Amino acid sequence: MSVKSATFRSDYRAPEFLIKTVDLTFHLHETATRVHNTMQITPVGSSNSLVLHGENLELIQIALNGEQVARDDVHIDEKSLQLTVPNEPFELTIETQINPAANQALEGLYKSGGAFCTQCEAEGFRRITYYLDRPDILAQFTTTVVGDAVRFPYLLSNGNAVARGNNSDGTHWVTWHDPHPKPAYLFALVAGDFDVLNDEFVTCSGRAVQLQLFVDKGNLSRAEFAMTSLKNSMRWDEERFGLEYDLDIYMVVAVDFFNMGAMENKGLNVFNSRYVLADAKTATDQDFLNVESVIGHEYFHNWTGNRITCRDWFQLSLKEGLTVFRDQEFSSDLGSRAVNRIDAIRIIRTHQFNEDASPMAHPIRPDKVVEMNNFYTVTVYNKGAEVIRMLHTILGEQGFQAGMRLYIERHDGQAVTCDDFVAAMAEANQADLSVFKRWYSQAGTPIVEVTQHYDANQQRLTLSFSQYTPETAGQTEKQAVYIPMLLSLYGKNGQRLSVTSASTDRQPTDAVRAHESGSLLFEFTTDSGQLIFDNITAEPVVALNENFGAPIKLNFSQSFSDQVVLLASAEQEVTRWEAAQQIFTQLIRSAVASQQALVLPPKVAQALQQFVASTMDSALKAQVLTPPTVEEIAEYYPRDIPLAHIATAVHQLRQQLAEHLFAEFESLWQGYETSAETPYTLTGSAIAQRSLQHTILYYLALHMPDKYSDVVAKYYAAADNMTAQQSALQTAVHLRLPCQEQLLRAFERQWYDTPLVLDKWFAIQASAPHTDVVEIVKQLHNHSRFNRDNPNRVYALWATFGRNVTQFHREDGAGYALMAEMVSYLNDKNPQVAARLVTPLTQWRRFDAKRQSLLEAQLRQLQKLPNLAPDLDEKISQSLSPL
Ligand code: B3K
Ligand code: ZN
């Protein structure tokens, strides 16, 4: 059992000591790196006992104001170092030794291939040296890195390089100084041999910033897109948020061994290579868009995260929710706003709703944490971004930007809380956000019920709203939340009604206001309420929660005819897409309930045919033609998820779409085939066209596998880009087309030596809807190119398998046993990755009795592991604890 105990948000205490400056010297060595650390420390409380964090460190020596401290006067345990210090400013020097080569947790200083690199967020710096490793300690860092001149020509750290030199023993050194005081989690060091892409950005005030992108040798051409994205990010933050970069240099290093996407270390981002390396041959359109968004995200942290940081880790969403919102806006301003919004909605509906229904449910600002790494979640990040988006909806772009300006003016250079952020937003807008703040403290997905009543005599439409939030793990009492409900009224002919006012049962007038998006905004902040629209001459069609303005589940029964009106005519693309999703969801759920075959109603089929034949944007067509997944539908069932029935209904829906739209699909496909081969470009319209083309090929092959197998194989063979290759392979494998083996072999041969691409090959097979996937995953695990110690490989094969709900939850429990074995292995090596993989096991209470007992047995077994890491311990205990 692990020794780590929970910490609570309410236990926050201001620090008793501040660290003004820290001077670090690293003598790099694979297994014995020496870290020399000199801190200027100022006591600010009355304590003369200093406790520093430290883990996996070997203390070499310690000196206070230049005098050695005797070992007996220092108390060291597994997590800390304590000594008695004077009640006035002092200098503390600590030398420690660490073993980067043995560090497989990839936290602290570790080796990625031949290079040294660091990851310090959340609490990795304490694995480098003894320190006050908490985000409210802001210090100025000066870092000297000493290393072999041949193997490590580049020695990098935060800030500006201020001195360098060579030693007679074949080593060289560089000293870096970062003028911006920062918390230790933003510290970074990289040493290695790279190819470098150099560029420059001139800021709005005319300062030239040197840009450098470091990649493994031979990968330079795959770094161009990331560099362009970086410059776009810098320009966008100036234009949309008025925020300018603040150092003379910005560096990004791509490494192959990395637990997550990337890290916003000040002036020296470290990236998982999958979010840097991209060219048409090896990256899909989605990969390119991901590179753009992660490059943007880390860059935007420079203001929302680095200049203004978190007071404590419970406030993580202060920087993450806000920065995800900013990167979403960046991608939307540069690309398709509707597709970006749809992607974000799908993430919330599948993954965040799932987390809300899990034993690890937590508010976007958690109250209790055992292992902080467990809280880099879709709730903190993506629901956090939805909460920021709701503020944006309520305050409008101008009001939101006024709030941002006040927030930055007030808190630049500080470590602050979510409350501070909301206070700035409220004050800049003279708004009362006290009810709104419940979004920060309350976990769970609110359910909003709406009924529509039309009185023809009075020409009056009444919409009745009520809301409640089902209880979540550890939080039973719930209050009404502040829901900015965007809505529109349409005539049955598809004309939007120009309604601008409504009354309620409480307020007489102005219960709604015109919103800048074109919809009406109803601020629904109580348990129940009514909206009354007068002078409505005929029963209208109502579009509710447009743009998914609030992250809620909506219960609103609407006829197919009304939904078809919205699909065909709504002014906002997201509203059209949503209408189709609602139709599909309703069809799937009724088929599950009745256990009868799903049949597409003729009027729906007809509306979809017209939609596909219309001049609507291809990307939106592709989105409309992509119904909810089994995972998304499963979130409608709190208990006894009828997995097999959902899977059947989802499959039948796809078959029905393939059948009813076959003629439209065939003619579109013929158009693609006869149009001249166009070389790959990454424009919005080319991306959109490919997404529709690939969706259509899937449906054609679903409907006529034998005929279209050859078409898929030919399309694969002719492809000049990874988007086409990947999609053809996925269609072949997921539909088990006759060409499947041939394509799998061709892909494997072609990309055998390109791990990031071969990851797609692993993932496609692990996500297939076939009953032998468990066995296939087992085999692939032993593939000569699989490496269980590289997080990217593990995510591609194992995390993908864990998300394949129908096959992971195969009735015999074989998936559970396999996953548990992998989790046990990773427990000793990389607990962060282990904790990610254990997630699908922890939701055992939501399944039938048989699966429950199989899942529970695996969890109990894992709980007995010797040296169970706190990451796993927290999730497993949470999952097994009585309700
Ligand atoms: N801030 C980092 C995430 C750190 C995760 C630590 N386990 C990346 C990001 O959100 O930008
Ligand atoms: Zn972030």
Side-chain angles (χ1 to χ4, degrees), residues 55 103 105-108 110 117-127 133-135 158 182-188 226 229-230 233 237 250 252-255 257-272 274-276 290-310 312-331 347 364 366 369-385 388 415 418 791 795 826 830-837 839 869-872 874-875:
E55 288 174 25
N103 180 354
L106 314 186
E107 223 190 349
Y110 66 92
C117 65
T118 55
Q119 171 55 36
C120 293
E121 187 178 0
E123 297 174 336
F125 193 71
R126 63 187 65 182
R127 291 161 186 256
D133 188 8
R134 42 187 283 174
N158 317 85
K182 65 167 178 286
Y185 82 85
L186 290 173
F187 169 81
S229 301
L230 176 58
S233 309
D237 216 12
Y250 192 92
V252 173
V253 185
V255 300
F257 283 73
F258 205 66
N259 280 342
M260 40 326 128
M263 180 61 212
E264 70 264 25
N265 316 300
K266 185 77 186 188
L268 176 57
N269 289 182
V270 177
F271 266 63
N272 186 326
R274 68 181 291 216
Y275 293 113
V276 173
N290 291 344
V291 168
E292 179 179 88
S293 108
V294 179
I295 289 272
H297 181 98
E298 307 311 331
Y299 176 73
F300 304 141
H301 267 316
N302 190 54
W303 278 96
T304 52
N306 301 5
R307 291 284 291 245
I308 305 181
T309 194
C310 302
D312 55 75
W313 287 120
F314 297 97
Q315 317 296 330
L316 180 62
S317 201
L318 172 81
K319 73 176 177 83
E320 295 305 345
L322 180 54
T323 304
V324 171
F325 171 78
R326 277 153 52 70
D327 84 54
Q328 289 176 349
E329 284 300 293
F330 167 61
S331 297
I347 289 175
I364 64 168
V369 165
V370 175
E371 172 51 61
M372 190 54 213
N373 285 328
N374 280 340
F375 288 84
Y376 288 77
T377 59
V378 66
T379 299
V380 168
Y381 273 65
N382 302 69
K383 184 179 179 185
I388 301 294
C418 297
Y795 296 146
L826 287 169
N830 190 333
Q832 259 185 72
V833 175
R836 283 222 210 169
L837 294 190
T839 307
D871 315 57
L872 279 176
E874 177 173 36
K875 288 181 120 173

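The figures here come from the full heavy-atom set of this structure, side chains too, leaving out hydrogens, waters and symmetry mates. All ligand and atom numbering here is 1-based and tracks the order in the structure. Keep in mind that this is a model prediction, so the values were computed, not measured. Numbers here simply count residues along the sequence, with the first being 1.
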* Verify whether the ring centers belonging to Y299 and Y250 lie closer than 6.0 Å. => yes
* To do: Tell me whether the centres of the aromatic rings in F257 and Y110 are closer together than 6.0 Å.
  => no
How far is [atom] from its nearest protein heavy atom, and which residue and atom name does that atom have?
atom	result
atom 6 (C) of ligand 1	E121 O, 3.2 Å
atom 10 (O) of ligand 1	Y381 OH, 2.5 Å
atom 8 (C) of ligand 1	A262 O, 2.9 Å
atom 11 (O) of ligand 1	E298 OE1, 2.7 Å

Ligand-side contact atoms (ligand 1) for residue partner [X], heavy atom cut-off under 4.0 Å:
X	answer
H301	9 (C), 10 (O), 11 (O)
N373	6 (C), 7 (N)
H297	9 (C), 10 (O), 11 (O)
K319	1 (N)
M263	1 (N), 2 (C)
E264	1 (N), 2 (C), 8 (C), 9 (C), 11 (O)
Q832	7 (N)
E320	1 (N), 9 (C), 10 (O)

* **Verdict with supporting geometry, N269 and E298, side chain to side chain donor-acceptor pair (under 3.5 Å)** => CA-CA 7 Å; N269 289 182; E298 307 311 331; 5.8 Å; no
* Asked: Going by atom types alone, do T304 and T323 pair a side-chain donor with an acceptor below 3.5 Å?
  ->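 Yes.
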* Asked: Cut-off 3.5 Å, side chains only: do K319 and T309 have a donor facing an acceptor?
  -> no
* Do any nitrogen or oxygen atoms of Q119 lie less than 3.5 angstrom from nitrogen or oxygen atoms of ligand 1? ->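 Among all N and O atoms of Q119, none is under 3.5 Å from an N or O of ligand 1.
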* Given that the side chain starts at C-beta and the backbone is N, CA, C, O, which of these parts of M372 lies under 4.0 Å from ligand 1, counting heavy atoms, or is it both or neither? ->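 The answer is neither; M372 stays 4.0 Å or more away.
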* Asked: For ligand 1, is any non-hydrogen atom under 4.0 Å from E123's backbone (N, CA, C, O), its side chain (CB onward), both, or neither?
  ->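 Contact part for E123 vs ligand 1: neither.
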* To do: Find, among atoms of E320 that are N, O or S, the one nearest to the Zn ion (ligand 2), and state its name.
  =>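 The E320 atom nearest to the Zn ion (ligand 2), restricting to N, O or S, is OE1.
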* Quick one: does N374's side chain get under 4.5 Å of K875's, heavy atoms only? ->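 Result yes, sub-4.5 Å side-chain heavy-atom pair found.
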* Asked: Which class fits the ring pair Y376 and Y381: parallel under 30°, tilted 30 to 60°, perpendicular over 60°?
  ->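 Rings of Y376 and Y381: tilted, 30 to 60°.
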